[in-house]
Amino acid sequence: MRDIIFKRLLSICCILILLISAGMIYSLVSGSLSAFGHYGFFQFIGSTEWNPHPDRETYGALSFIVGTLLTSFLALIFCIPFSLPVALFTGEFFRGKKIASFISSIIDLLAGIPSIVYGLWGFYTFRPLIIEMGVNAQGFGILTSSIILAIMIIPYASSLSGEFISMVPNELKEAAYSLGATRYEVIRSVTFPAAGSGVFASYILALGRALGETMAVTMLIGNTNNLPTSLADTGNTMASIIANQFGEADGLKLSSLIAIGLLLFLITAIINLVAKLVIKKLN
Amino acid sequence: MKNLFIILLAIAIASCGNSKKNKGSEDKKMNIAAAGATFPLPFYNLAFKTYQEKTGNTVTYGGIGSGGGIRSLKDKIVDFGGSDAYLSDAEIQEMPYATIHIPTCMGAVVLAYNLPEVKDLKLSGEVIADIYLGKITKWNDAKIKELNPGIILPDKELTPVYRSDGSGTTFVFSDYLTKVSNDWKDNMGTGKSLKWPVGLAAKGNPGVTGTISQTPGSIGYIGSEYAFSLNIPMAQMKNSSGNFITPNTESISAAAKGDIPADTRTMITNSSAPDAYPISCFTWIILYKEQAYSNRTLAQAQATAQLLDWMLSPEAQALTTKVHYSPLPKSAVDNAKALLNSISFEGKQVLK
């Protein structure tokens with residue numbers, strides 16, 4: 001009897017979550033229909049024009065899609081030189097040692113810092129540095145926000161990929177050592193090929209996290225609705241245009257913002273799907 | 001997330017309203033629900049708190065933005081909505097019933113700048129339009145020099161800062177520039193958010209102020225209530241009579257001394273009064289003229305009208321300056337009182 005109740009309860013909870021997700025997708029799609037209908041799906045995605053002027057209202061998502069992808073992929077590139085050594089350190093060189101767990105818990109702490117705190121630090125500490133370096137006059141822009149994003153996603157990339165690296169069977173590595181391989185050679189020709197797809201998947205998940213990041217990027221990217229042409233340029237991302245504009249938006253503009261939300265949802269869904277497929281292939 | 005919060009807030013406000021509706025009797029303490037513009041929020045918080053201490057009637061005002069306030073009024077979940085922009089004729093047609101606009105206090109948009117070596121900067125609307133259109137890029141531009149004889153302006157890059165979020169502040173600012181600059185009128189127009197050719201964007205008054213203070217050579221527009229409370233450097237503005245006016249409570253109130261239409265739906269930017277600060281504005285409370293809708297009680301209608309009547313009283317108007325707003329001049333108060341007297345319940349006047 002109890003078993004049945006338990007089972008029912010579980011399935012009700014599961015169905016509820018499914019319903020909520022379905023409702024979310026439904027409201028995103030229905031909300032964005034009027035923007036897609038007005039401009040056409042590809043026209044909306046391909047246009048960089050964002051003009052709220054009442055007489056020539058035009059909205060296009062390209063600048064924001066580019067801003068989002070650019071900052072996220074740059075963040076991914078910037079985070080590799082830091083997260084990979086950490087992953088090797090905790091998963092290979094000092095596997096199971098106290099120092100490894102100490103370091104990985106410190107890195108995990110980074111993941112616990114709210115993004116607004118990263119934003120504040122970036123705004124008041126990091127931005128003056130960028131100005132000093134002469135990147136641009138105001139310190140805002142693609143570069144500034146990518147670097148902050150990179151710091152934010154390091155823990156996501158390093159802890160998971162460290163996990164995959166430590167899962168490489170000892171027998172393989174010992175065999176390589178017995179053939180006279182050095183530690184570098186073992187990492188290059190045994191550990192990486194064996195853990196490679198897992199490491200790749202963990203970076204994809206970190207990328208997914210970077211794509212949806214709103215607050216810290218909003219504070220640092222400059223929020224200008226243009227197509228960024230260089231790293232020093234200011235720009236805008238999909239998440240931050242929504243955060244900035246939804247309050248006073250209505251009609252076509254609101255629908256365009258919801259459409260951007262739907263696109264962002266699709267992009268992150270695709271990226272997560274890719275990561276899942278890669279992990280599945282590994283197993 | 002924020003959206004969800006607003007929905008929850010709206011539900012909370014709506015349920016508050018409902019729970020009071022059936023309690024008819026006049027002796028009961030009433031709860032008035034409202035939502036809207038964030039610009040007058042500090043004044044409303046102070047005024048409503050004072051009113052509650054005086055009468056026991058509570059007022060819940062959710063600062064969700066002018067657009068949200070109008071939507072809430074349209075959905076009939078609030079007693080009144082607050083808005084920084086009056087409803088256009090088309091928007092009035094879209095509302096379910098006839099509405100009236102009651103101005104409650106005044107504010108302004110000031111130009112703050114980060115140029116430590118220059119005090120008492122003087123600017124005109126044309127120059128500001130040129131700065132934001134990207135035509136003036138250096139502080140020592142001839143047009144700025146012309147307005148500031150005797151002041152040495154540095155050869156610094158000029159960075160305009162604007163609001164990244166949709167905002168009534170942007171609306172008032174762009175309305176003024178549309179009036180004084182044809183270039184602006186043709187290229188930018190008036191709106192809560194615009195397509196800016198140059199400059200930096202930041203969220204909210206705090207964001208713009210923070211960006212200005214962190215960026216040497218920048219200039220930006222912020223709400224006067226915020227600027228006054230921080231006491232940051234502000235430019236004097238050339239008004240329509242050619243006088244350079246420092247923004248303060250007197251010069252802002254003076255902007256409403258000109259001719260105002262009976263329904264108070266007008267922008268008082270570029271006022272014709274000689275001592276007026278040119279980028280001044282009203283903020284309104286919008287409500288339905290006929291209060292007998294959606295099963296509202298007479299008591300609820302009376303409580304709402306009495307609150308608004310009190311908001312126009314000298315006592316409430318004196319509170320404006322405490323939180324860095326400006327009081328309505330007498331002419332505007334008279335206009336607003338006449339409007340309040342037109343509020344009816346089943347055809348009968350609510351205020352006696």
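A quick note: this is a predicted structure, and the numbers were derived from the prediction, not measured. Throughout, a chain's letter reflects where its sequence line sits, starting with A, and its residues are numbered from 1.
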*Are B:Lys203 and A:Thr218 close enough that a side-chain donor and a side-chain acceptor fall under 3.5 Å?*
no
A:Arg56 bridged to A:Glu49 by N-O distance under 4.0 Å:
no
How are the rings of B:Tyr162 and B:Trp196 set relative to one another: parallel (under 30°), tilted (30 to 60°) or perpendicular (over 60°)? parallel
*Taking the six-membered ring for Trp and the single ring otherwise, decide whether the centroids of A:Tyr118 and A:Phe126 are under 6.0 Å apart.*
no
Looking only at B:Gly65, B:Ser167, B:Ser66, B:Gly68, the option with the highest number of non-hydrogen pairs under 4.5 Å against chain A is B:Ser66
### Message
Would you call the rings of B:Tyr221 and B:Phe173 parallel, tilted or perpendicular, taking 30° and 60° as the class edges?
### Response
parallel
Those residues of residues 224-241 of chain A that come under 4.5 Å of chain B on a heavy-atom basis, listed by number, are A:Thr224, A:Thr234
Checklist entry - Would you call the rings of B:Tyr44 and B:Tyr61 parallel, tilted or perpendicular, where under 30° means parallel and over 60° means perpendicular? => result perpendicular
Under 4.5 Å to a heavy atom of chain A? For B:Thr215 that would be both
Of all heavy-atom pairs linking A:Ile148 and A:Gly122, the shortest is CD1-CA, 3.8 Å
Honestly, the part of B:Thr211 sitting under 4.5 Å from a heavy atom of chain A is both
Exactly one of A:Leu263, A:Ile260, A:Leu264 clears side-chain contact (heavy atoms from CB on, under 4.5 Å) with A:Phe64, and that residue is A:Ile260
B:Thr190 side chain to B:Thr178 side chain, donor-acceptor N/O pair below 3.5 angstrom
yes
Whatever's closer than 4.5 Å to a heavy atom in chain A on B:Arg71 counts as side chain
Of A:Pro52, A:Pro128, A:Gly139, the largest count of non-hydrogen pairs under 4.5 angstrom with chain B goes to A:Pro52
So, the part of B:Leu200 with a heavy atom under 4.5 Å from chain A: the answer is both
Separation between CG (B:Asp165) and OG (B:Ser193), nearest 0.5 Å, reads 9.0 Å
Taken to the nearest 0.5 Å, the spacing of B:His101 NE2 from B:Leu87 CG works out to 4.0 Å
Honestly, the part of B:Ser218 sitting under 4.5 Å from a heavy atom of chain A is neither
Honestly, the part of B:Asp84 sitting under 4.5 Å from a heavy atom of chain A is neither
One option among A:Met219, A:Gln245, A:Lys253 has the most heavy-atom pairs under 4.5 Å with chain B, and it is A:Gln245
Ranked by heavy-atom pairs below 4.5 Å to chain A, first place among B:Gly189, B:Gly168, B:Ala201 goes to B:Ala201
